[in-house]
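First comes the structure, then the notes that go with it.
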Amino acid sequence: MKGLNLLILVSLLVAASAECPYSKGGANAPPPYNNAPPNYNRAPPPPDSAAPPTNLTESPAAAPTPSLVLAPELAPAPSQNTTGGKLSIDYYANVCPNLESLVQGAVSGMMASSPIAAAATLRLFFHDCFVTGCDASIMITNPNNDDERHNGENLFLRVDGYNTILQAKAAVEADAQCANKVSCADIIALAARDAVALSGGPTWKVELGRYDALVSKASDVDLPLDTEDVPALMKRFSAQGFSITDLVTLSGGHTLGATSCFFVNKRIYPTNDAYLDPGFASQLQGICPSNMNPNSFVFFDQSVTSFDNNYYLMLQQKKGVLFSDSALYFDSSSLAIVDKFAADQNAFFQAFADSMVTLGRLGLKTTANGEIRKNCLVPN
């Protein structure tokens, strides 16, 4: 495929990984992981550059601002949640009127200084919300490292995502009207939306009013895995109130960023799995040799920093990078949705906006079990 050498991730473009679905595929698929080492879904520690931040990494002051290319704004359905919290799009209108511009400016600055900031920020939102809800528990660092971010399923989240949130929080706290009034959870939700929009994807009204978690436990982490088939993934997603359309849609977030060879090698050694185009598998072998280096990465599609529907075109060609990605095109419940999004980018954008609003409603905290954290890294 033209431009496929873009799959080689140069050192300046180490991207956010996906711990999301990897699957065994449809009913007629062969078992692909006979060669997998035991407990292979637990990733080895990433390189030092991926270690969780302990302080704020400043973006260069003179960094250029990315152009904001937006699809039409997509309005969410009325907010509903089951935890007693109440969200609204104008929650901070009289409390921190500049909130959205402050967060967008921080995201824009990080994207100007880091080509992986958008992917890393989007991934962070999913990994936060899918565990104990959208409560910024992913940001907490416990002294003994028994927090969510140090769980094996989160070790490949990139530092650029954490630093984007820290930059945005610093900008908000520096505004006298906003200091000590805006939760880290709301900042993550806004930053994820801005990361998508600034990458050329859709924008939407973000519902606000979340509280931050008081604790973060590694033992709480139980994310969709890259080794699960569509029925297994749907068991997880439906438990959170998601539909099969949400599963296919949120998987489309892989249009940004890349993943480690750690998640790719199990597909191509000792033999290729049946869901991979043979030519594409050969190219993957060129990027990820059998003596696997987890610090080597593969792009999800050829438009790595643009939010578009190329991800679904790759699936149609048997060129999904993760097995879970590929499985979406080999399961009867999801195939038609992949085809729809591959043919109609606007349909994907609308669905993505809707699914992100739904994702943002998970596990809302209240004053009874949450707080407005002054420092996103530690509880008050």
Side-chain angles (χ1 to χ4, degrees), residues 15-27 29-46 50 119-120 122-133 137-138 148-158 161 217-244 246-254 257-269 273-276 284 288 292 294 297-298 300 311 315 320-331 333-334 355 359 362:
S17 76
E19 328 279 323
C20 294
Y22 217 96
S23 90
K24 299 174 185 176
Y33 292 124
N34 293 336
N35 59 309
N39 210 25
Y40 54 79
N41 57 324
R42 287 293 188 266
L122 177 58
R123 213 81 78 230
L124 190 71
F125 181 61
F126 180 86
H127 282 236
D128 183 45
C129 292
F130 214 87
V131 177
T132 57
S137 55
I138 189 70
E148 289 180 27
R149 65 162 66 183
H150 285 94
N151 181 285
E153 294 178 33
N154 285 326
L155 287 179
F156 276 85
L157 291 176
R158 310 310 297 182
K217 300 177 182 178
S219 58
D220 286 336
V221 178
D222 186 20
L223 289 161
L225 299 173
D226 58 315
T227 52
E228 294 177 326
D229 61 15
V230 171
L233 293 169
M234 272 312 302
K235 184 177 181 180
R236 293 180 184 271
F237 272 71
S238 62
Q240 301 276 24
F242 290 116
S243 67
I244 184 66
D246 291 314
L247 167 61
V248 179
T249 300
L250 291 173
S251 297
H254 289 176
T259 192
S260 167
C261 286
F262 177 84
F263 300 102
V264 175
N265 279 39
K266 63 188 78 171
R267 303 195 66 189
I268 54 180
Y269 300 109
D273 76 48
Y275 287 177
L276 278 176
L284 292 177
C288 300
M292 187 267 297
F297 290 80
V298 177
F300 284 118
Y311 165 81
L315 300 191
V321 174
L322 295 180
F323 190 83
S324 56
D325 297 327
S326 296
L328 296 176
Y329 200 62
F330 288 87
D331 191 285
S333 66
S334 51
S355 293
L359 178 62
L362 294 182

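Worth knowing before you read on, the calculation uses all heavy atoms, side chains too, and leaves out hydrogens, waters and symmetry mates. Keep in mind the model is a prediction, meaning the values are calculated, not measured.
Summarising the geometry of L315 relative to S326, their closest heavy-atom pair is CD2-N, 4.1 Å, with the distance given to 0.1 Å. Of all heavy-atom pairs spanning R158 and A120, the tightest one is CB-CB, 4.0 Å. Nearest heavy-atom pair across S260 and P294 is OG-O, 2.7 Å. Taking both residues in full, the closest heavy atoms of S355 and F242 are given as O-CE2, 4.2 Å, listed atom of the first, atom of the second, then distance. Residues V230 and S333 share a closest heavy-atom pair of CG1-OG, 3.6 Å. Residues R149 and N154 come closest through the heavy atom pair O-CB, 3.7 Å.
A perpendicular orientation is assigned to the rings of F263 and F156, their planes being inclined by more than 60° (bins at 30° and 60°). Ring geometry for Y311 against H254 counts as perpendicular: the plane angle is over 60°, on a 0 to 90° scale with 30° as the lower cut.
To the nearest 0.5 Å, atoms CD1 (I268) and CG (L276) are separated by 8.0 Å. Between the SG atom in C129 and the CG atom in L362 there is a gap of 6.0 Å [rounded to 0.5 Å]. One finds the OH atom of Y275 at 12.5 Å from the CG atom of D325 (value rounded to the nearest 0.5 Å).
Contact annotation: the side chain of K266 never approaches that of D273 to less than 4.5 Å [non-hydrogen atoms, C-beta and beyond]. Looking at heavy atoms from C-beta onward, L284 lies out of side-chain contact with C288 at the 4.5 angstrom threshold. Counting only heavy atoms from C-beta outward, the side chains of S334 and L247 never approach each other to under 4.5 Å. With a 4.5 Å cut-off on side-chain heavy atoms, K217 and T132 do not count as touching. Using a 4.5 Å heavy-atom cutoff, the side chains of F237 and I244 are not in contact. The shortest side-chain heavy-atom distance between P231 and D331 falls under the 4.5 Å cut-off.
With hydrogens and angles disregarded, a donor-acceptor distance shorter than 3.5 Å links the side chain of R236 to the backbone of D222. Under a 3.5 Å cut-off, the side chain of D128 and the backbone N or O of S137 do form a donor-acceptor pair. The backbone N or O of D220 sits nowhere less than 3.5 Å from a side-chain atom of E148 that would complete a donor-acceptor pair.
Side-chain atoms of D246 and S243 form a donor-acceptor pair, as typed in the model, at a separation below 3.5 Å.
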Test side-chain contact (heavy atoms from CB on, under 4.5 Å) applied to L124 and I138, step by step: CA-CA 8 Å; L124 190 71; I138 189 70; 3.8 Å; yes
